[in-house]
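Residue numbers start from 1 in every chain, and the chains themselves are labelled A, B, ... in the order their sequence lines are given, proteins ahead of strands. Since the structure is predicted, the reported quantities are computational estimates derived from the model, not experimental observations.
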Protein chains: 2
Amino acid sequence: GHYIICGFSRTGRQIAKEFRAEGVAFVVVDSEIESVQRAQNEGYTIYQGDATLDDTLLKVGIERATCIVAALPSDAENLYTVLSAKTLNPAIRAIARASTEEALQKLQRGGADAVISPYITGGKRMAAAALRPQVLDFVDGILSGADRQLYMEEFLLDPAFCPFVGQTLQKAKLRSQTGALVLAIRRLDGNLIGGPTGDTILMPGDTLMCMGTAEQLRALNQVLGPINSHQVRRPKKV
Amino acid sequence: GHYIICGFSRTGRQIAKEFRAEGVAFVVVDSEIESVQRAQNEGYTIYQGDATLDDTLLKVGIERATCIVAALPSDAENLYTVLSAKTLNPAIRAIARASTEEALQKLQRGGADAVISPYITGGKRMAAAALRPQVLDFVDGILSGADRQLYMEEFLLDPAFCPFVGQTLQKAKLRSQTGALVLAIRRLDGNLIGGPTGDTILMPGDTLMCMGTAEQLRALNQVLGPINSHQVRRPKKV
Ligand SMILES: [Ca+2]
Ligand SMILES: [Ca+2]
């Protein structure tokens, strides 16, 4: 399915940029004509309408969308949009922006799968820039941006397709086969194994956090299961 | 030296939280009495004054500080503060917040070592939450927060103290000695080696981006050079 961005503000515009860089299919919704024109000038598909209204969400295909990102000006509008979206499509993934800690909690209770507060995030990043600038640059460089050298990607191990479930990492030889590095494994029960060793056994439902070049991650995706039922998106270009 | 946070707004408050969790020595500056009282209630050392004034910066020890973080309400105040700080202490590291792309560029030209825009950052994170939620959770979990299981830390290889400069990673046995994982190496010339292999040679001036538990990173710090001249801060608690 496609992605929906609600609000073409500074934040919404940045989200659109990232989605375009990744080759994701998406539509932007904004009620203001200036935003609509700006989005059109920048080559985006945009629908003019109020994202808090069911009618608008239905027009942009909420029922078959994979994910909705609520980046409207107010916390109330974002909460309303998340609730509407989840009612029309309970399987949709909903990401929302919150301006305060209080709004963050409300949006989580309202069913948002992830809530981002620019103030909290900004503060954490400023602290990281002060304390470990190189690590921050490194992580930023692998998390976003169109001209990346290295990427991070997550892979869900589906026992129906992955030939390595039940084997150790040493036996699976993911590194020597693909060059990609497994940084961590998230077990189905939520347990996180950081820096798994050769003895670590791959389990059904594991999510592998991996780092590598686009080519290495593509190779890893092939090796982990040619018909990956969960449609891992791969980095677009080498 | 100590750290200085200018502005105890939502962002400044988050920065203070992070610094406290890391055990960093710092002072907060804010001109408003409400902010000063709130900071005092939360147990922070705060000086009431206008951070754009040299006099204020001198009062909080700008001349011997390691780093200043400008999180004042306006971009103009942040730029002014960065320029004042760099004039009074050219060696200081200056981090600033910018509200727009334009301000971001001005602050960089004004000498800020890192500039964070909450809108850009927030947008990138919302996109990451939509595209690779597990990776984002994972990275967040190792970058900040007081109750972390895994940490990321950077280590500068000083040829005067590090016994492994000139050796291969395989020979240095950092992983088997400490358990910590070297994710990447930033060479002095800026070149980034992601997922270095056993054949990678450690060079003088390399910055090692490493991941591990607090204990593993402490062990790594010991192994890399007991008298590390660059004072790598280590995670405070296990
Ligand atoms: Ca915005
Ligand atoms: Ca603020």
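- B/R93 places no side-chain N or O within 3.5 Å of a backbone atom of A/P133 that could act as its donor or acceptor partner.
- With a 4.5 Å cut-off on non-hydrogen atoms, B/M211 touches chain A through its side chain but not through its backbone.
- In the displayed structure, B/E32 atom CD is contacted under 6.0 Å by at most 12 heavy atoms of other residues, nucleotides or ligands.
- Salt bridge present: A/E22 and B/R132 bring a charged side-chain N and a carboxylate O closer than 4.0 Å.
- A donor-acceptor contact shorter than 3.5 Å is absent between the side chain of B/Q14 and the backbone of A/Y119.
- Within the 4.5 angstrom heavy-atom criterion, no atom of A/A16 approaches chain B.
- Ranking A/T197, A/D137, A/T121 against chain B, the residue ahead of the rest is A/T121, based on heavy-atom pairs under 4.5 Å.
- Contact of A/R125 with chain B is made through backbone and side chain together, with heavy-atom distances under 4.5 Å.
- With respect to chain B, the highest number of heavy-atom pairs below 4.5 Å among A/V115, A/L181, A/L150 belongs to A/L150.
- Side-chain atoms of A/Q134 never come within 3.5 Å of backbone atoms of B/E154 as a donor-acceptor pair (strictly under, hydrogens ignored).
- Note that CE of B/M126 and CD1 of A/I5 are 9.0 Å apart. Values are rounded to the nearest 0.5 Å.
- Contact annotation for A/S176: neither backbone nor side-chain heavy atoms come within less than 4.5 Å of a heavy atom of chain B.
- Remark: B/K86 NZ is packed, more than 12 non-hydrogen atoms of other residues, nucleotides or ligands lying under 6.0 Å away.
- When the side chain to side chain contact (heavy atoms under 4.5 Å, CB included) test is applied to B/T100, the partners found at least two apart in sequence or on another chain are A/R10, B/D75, B/E102, B/A103.
- Contact count against chain B (heavy-atom pairs under 4.5 Å) is highest for A/G195 among A/A114, A/G195, A/C210.
- In this structure, no portion of B/S117 lies under 4.5 Å from any heavy atom of chain A.
- You'll find the side chain of A/L131 reaches within 4.5 Å of the side chain of B/Y3, heavy atoms only.
- Looking at B/I68, neither its backbone nor its side chain comes within 4.5 Å of chain A, counting heavy atoms on both sides.
- Atom CD1 of B/I120 sits about 9.5 Å away from atom OG1 of A/T11, to the nearest 0.5 Å.
- Looking at B/A129, both its backbone and its side chain come within 4.5 Å of chain A, counting heavy atoms on both sides.
- You'll find the side chain of B/V139 stays beyond 4.5 Å of the side chain of A/M209, heavy atoms only.
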With side-chain contact (heavy atoms from CB on, under 4.5 Å) as the test, would you mind laying out the steps for A/E153 and B/V135 before giving the verdict?
-> CA-CA 7 Å; A/E153 196 55 87; B/V135 160; 5.5 Å; no
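- Once rounded to the nearest 0.5 Å, the distance linking CD1 of B/I95 with CG of A/L136 reads 9.0 Å.
- Only the side chain of B/R175 comes within less than 4.5 Å of a heavy atom of chain A; its backbone N, CA, C and O stay farther away.
- Contact count versus chain A (heavy atoms, under 4.5 Å) is highest, among B/A94, B/S99, B/C67, B/A128, for B/S99.
- Of all heavy-atom pairs between A/A130 and B/V69, the closest is CB-CG2, 4.3 Å.
- Formation of a donor-acceptor pair under 3.5 Å by the A/E18 side chain with backbone atoms of B/A127 is not found in this model.
- Across all their heavy atoms, B/I116 and A/G122 have their closest contact at CG2-O, 4.1 Å.
- Contact of B/A70 with chain A is made through the backbone alone, with heavy-atom distances under 4.5 Å.
- The number of heavy atoms from other shown groups lying within 6.0 Å of CD (A/Q170) does not exceed 12.
- Contact of A/I142 with chain B is not made at all, since no heavy-atom distance falls under 4.5 Å.
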